[in-house]
Amino acid sequence: MNWNTALADSGLWIAQAYGITLALGSVIVWLLARFTVWGRQFWQLSAEYFSPRRNARPLAVLAFILFLTLCAVRLQVLFSDWYNTMYTALQKLDEHGFWMAMALFAILASIHILRSLLDFYLQQAFTIHWRIWLNEKQLTRWIDKQSYYRTQYLDTPVDNPDQRIQQDITDFVQGSLTLSMGVVNALVSTFAFTLILWTLSGTVSIGSLEIPRGMVFLVFIYVIVATAFAIWIGRPLILLNFLNERYNADYRYSLVRLREYSESIAFYAGEKVEGALLRNRFAQVIANAWAIVYRSLKFLGFNFSITQTAVIFPFIIQAPRFFTKQISLGDLMQTAQAFGQLQDNLSFFRNAYDQFATYRATLNRLSGFVQAVDQAKHLPGPDIHGQHGKLAISDLTVKTPTSDLLLAKLTLETLPGAPLLIRGPSGSGKTTLLRAIAGLWPHCEGRIFRPEHDTIFLAQKPYLPLGTLRSALYYPKPLPDKPSVETSPGHEEPARAVLNLVQLGHLADRLDDTADWSRILSLGEQQRLAFGRLLLSRPEAALLDEATSAMDEGLEDAMYRLVALHLPDLILISVGHRSTLFKHHADQLILKGDGTGQWEYVKAA
């Protein structure tokens with residue numbers, strides 16, 4: 001190695017390697033995206049992020065990371081030559097040459113440290129920005145068009161979507177960059193150190209057979225055979241890692257449900273049943289964990305054996321040439337170092353196979369999530385038209401997921417000030433009809449005309465988001481910037497006034513307390529809070545699904561009178577069983593629930 005021209009030689013080497021890597025890399029990426037399943041999965045998830053039309057910055061940063069990776073390979077080559085220089089100086093007892101080698105090492109080490117730190121920062125920044133983009137894209141797809149709800153109606157609903165968004169996106173981004181740069185480093189280093197080993201290798205004799213540059217051929221045969229066996233041993237890890245993520249997510253979800261429904265479970269004294277379910281799901285986690293351990297033992301044991309055998313292999317091959325003074329000590333040590341480096345590079349796919357297995361499992365889970373969201377968006381549903389001032393249904397047919405008929409050719413119109421009560425036996429499809437009107441039920445067809453963005457739904461068990469009582473009262477609308485006292489009765493803050501109206505005035509001083517209000521408030525109080533939400537939001541239309549079931553008849557009457565007084569132009573549809581609701585609704589829709597889809601519309605006289 002001529003150290004006087006090392007800088008210029010390295011610049012030329014990096015430029016050539018960069019151009020070749022870019023060209024070959026582009027072709028390989030195109031081939032993988034076109035002809036392999038996991039290549040298409042990757043392209044589906046990330047093609048938009050790397051599109052120059054969207055933003056050229058990700059490609060630019062990735063190109064610079066590739067440049068730093070090639071610089072790392074070149075530094076490995078220079079360190080290999082440095083080993084030769086240093087050991088040769090020691091063999092010749094060349095003190096000046098030794099100290100020059102130490103100074104050279106200080107320069108190479110400083111460059112290596114700076115390159116490593118810059119590479120670390122850029123890779124971390126790149127993965128963070130990629131993760132932000134991918135999370136936003138998948139989160140938007142998950143929320144858009146209510147896919148988070150509609151996926152439950154798929155033939156095979158997606159499991160643990162929360163984990164796929166939160167954890168799998170992170171693993172996918174980090175794995176993509178780590179493995180891709182690892183492959184580039186391994187392949188370029190293989191080429192570079194093959195040239196070094198080719199120069200240092202002599203003739204290898206196997207019996208009467210003499211193989212020129214035999215060490216190069218031996219190392220390739222050695223590693224290729226070992227890699228083939230490693231892939232065969234490690235292949236089951238792909239499925240095992242996939243199941244590991246799934247079983248852990250299922251177990252975690254069961255623990256969350258235990259906390260979420262703790263009161264109901266406690267009333268039922270259902271600890272034994274819940275405990276059995278949790279232990280069964282945990283047993284799946286542990287059984288799969290042991291399967292991974294046993295398979296990994298075989299995989300790692302094989303890898304360790306191959307790696308340790310490779311340590312002494314070059315010394316055994318080159319020792320006869322060293323003892324006959326055909327090569328120097330520096331040549332011997334550089335041969336061992338180059339052989340080790342080449343063996344490590346060629347073994348990258350063998351050693352990283354478990355990482356590839358985990359990555360493939362992550363890729364499968366993310367792709368499955370994306371496909372489920374796409375399928376949910378294409379589920380059938382009613383033809384909904386936005387229209388102010390009325391709610392009308394035309395020829396609506398509603399079925400169960402098993403195609404049993406609930407409603408046939410329903411046609412009606414509800415106007416402001418003429419509330420409609422939907423009643424019928426249990427299972428007749430009352431709540432399902434509300435879902436169809438809201439556009440949530442896929443097993444229906446017909447036309448629906450309603451205020452598209454100004455309709456509110458009050459469920460039997462209201463949803464109260466985490467946060468302050470005020471945010472729960474205004475949900476799903478954002479909190480106002482400042483309390484508007486001018487428009488409230490008696491110049492009282494709207495939220496406080498509404499709490500008093502729905503007989504929750506004792507909570508007025510806790511409006512800005514942050515708590516899990518769904519656990520603090522009784523179901524009756526939650527239902528009254530939902531009526532307060534209705535009064536505050538002042539929608540054009542409201543769909544109430546047994547929204548007063550936890551109230552006594554007096555409170556129920558008071559809530560409906562409030563709605564009639566403060567929202568006289570509201571389009572109101574209620575589902576309920578009580579006869580006390582009759583006086584608050586001008587019209588009634590009676591569902592027969594006999595499997596024929598028949599219904600009766602009773603209009604007020």
Side-chain angles (χ1 to χ4, degrees), residues 37 40-49 51 54 130-173 242 245-246 249-250 252-253 256-257 260 361-386 396 398-403 431-448 450-459 461-466 475-478 543 545:
V37 173
R40 287 191 292 271
Q41 290 173 334
F42 175 87
W43 196 249
Q44 180 187 28
L45 291 168
S46 299
E48 184 181 348
Y49 181 71
S51 174
R54 186 195 68 85
W130 190 1
R131 181 183 173 188
I132 291 171
W133 177 87
L134 191 55
N135 179 81
E136 179 60 30
K137 182 176 178 63
Q138 299 307 326
L139 188 61
T140 299
R141 287 167 52 83
W142 183 232
I143 295 175
D144 187 38
K145 297 182 179 179
Q146 298 168 325
S147 296
Y148 60 90
Y149 176 83
R150 291 169 64 84
T151 52
Q152 66 181 303
Y153 297 116
L154 297 174
D155 293 336
T156 53
V158 62
D159 65 278
N160 305 301
D162 50 327
Q163 182 196 26
R164 302 194 188 205
I165 294 175
Q166 184 269 326
Q167 181 177 328
D168 288 343
I169 284 177
T170 303
D171 294 342
F172 166 72
V173 168
F242 180 90
E245 297 295 334
R246 178 177 178 178
D250 288 343
R252 183 168 57 247
Y253 179 66
V256 171
R257 281 182 59 84
E260 184 177 356
T362 300
L363 198 54
N364 287 337
R365 290 177 59 80
L366 268 181
S367 297
F369 172 79
V370 172
Q371 290 171 6
V373 171
D374 289 339
Q375 291 171 8
K377 292 182 186 299
H378 290 91
L379 284 174
D383 185 13
I384 297 179
H385 302 269
L396 181 66
V398 182
K399 298 180 180 180
T400 67
T402 56
S403 297
T431 299
T432 303
L433 175 57
L434 294 189
R435 292 174 181 148
I437 295 173
L440 301 178
W441 189 253
H443 309 289
C444 59
E445 57 184 19
R447 291 188 297 167
I448 296 173
R450 64 173 175 81
E452 188 173 4
H453 300 296
D454 204 10
T455 301
I456 194 170
F457 177 79
L458 270 62
K461 181 173 175 53
Y463 171 67
L464 302 184
L466 296 176
Y475 187 86
K477 294 184 177 180
L543 310 176
D545 183 17

Discussion item. Heavy-atom count check: over 12 atoms from other residues, nucleotides or ligands less than 6.0 Å from Arg40 CZ?
Written reply: yes
d(Ile169 CD1, Asn135 CG) to nearest 0.5 Å is 5.0 Å
inquiry  = Before you tell me yes or no, could you show the steps for Glu245 and Gln167 under side-chain contact (heavy atoms from CB on, under 4.5 Å), namely the whole-Å CA-CA distance, both residues' side-chain angles and the distance that decides it to 0.1 Å?
reply    = CA-CA 10 Å; Glu245 297 295 334; Gln167 181 177 328; 2.8 Å; yes
Contacts of Arg141 meeting salt bridge (Lys or Arg N to Asp or Glu O under 4.0 Å) (sequence neighbours excluded), chain-then-number -> Asp374
In terms of heavy-atom contacts, Ala436 and Pro382 come closest through O-CG, 3.5 Å
Taking distance alone, no hydrogens or angles, what donor-acceptor pairs closer than 3.5 Å link side-chain atoms of residues 41-49 to residues at least two apart or in another chain?
{"residue": "Gln41", "atom": "NE2", "partner": "Asn364", "partner atom": "OD1", "Å": "3.3"}
{"residue": "Glu48", "atom": "OE1", "partner": "Lys137", "partner atom": "NZ", "Å": "2.7"}
{"residue": "Tyr49", "atom": "OH", "partner": "Trp130", "partner atom": "N", "Å": "3.4"}

Correct closest heavy-atom pair for Ile384 and Gly439 would be CD1-CA, 3.4 Å
Does Phe369 reach the side chain of Asp168, with side-chain heavy atoms less than 4.5 Å apart? no
Is it the case that more than 12 heavy atoms not belonging to Arg252 sit under 6.0 Å from its CZ atom?
yes
Check: Hey, does Leu396 have a side-chain heavy atom less than 4.5 Å from the side chain of Leu433?
Finding: yes
Keeping Arg447 on the side-chain end and Asp383 on the backbone end, is there a donor-acceptor pair under 3.5 Å? no
>> Any heavy-atom pair between the side chains of Arg150 and Leu440 that's under 4.5 Å?
In response: no
Subject >> Heavy-atom side-chain proximity of Pro401 to Trp441 below 4.5 angstrom >> reply: yes
Sequence neighbours excluded, the answer for side chain to side chain contact (heavy atoms under 4.5 Å, CB included) partners of Thr140 is Glu136
Checklist entry - Just by distance, do the side chain of Ser403 and the backbone of Lys399 share a donor-acceptor pair under 3.5 Å? => result no
Those residues at least two apart in sequence (or on a different chain) that pass ring pair (Phe, Tyr, Trp, His ring centres under 6.0 Å) with Tyr149 are Tyr153
### Query
Does the side chain of Ser147 come within less than 4.5 Å of Val373's, by heavy atoms?
yes
Rounded to the nearest 0.5 Å, the CD1 atom of Ile448 sits from the CD1 atom of Ile437 at a distance of 6.0 Å
Check: Any side-chain heavy atom of Leu458 sitting closer than 4.5 Å to one from Leu543?
Finding: no
By salt bridge (Lys or Arg N to Asp or Glu O under 4.0 Å), Arg450 pairs with (sequence neighbours left out) none
Is any side-chain heavy atom of Arg164 closer than 4.5 Å to one of Gln138? no
When every non-hydrogen atom of Thr362 is compared with those of Phe172, the smallest separation belongs to CG2-N, 3.7 Å
Ala372 meets the side chain to side chain contact (heavy atoms under 4.5 Å, CB included) criterion, sequence neighbours left out, with Leu154, Val158
Inset, instruction - Could you check if a side-chain atom of Leu434 sits within less than 4.5 angstrom of a side-chain atom of Thr432, using non-hydrogen atoms only? - result: no
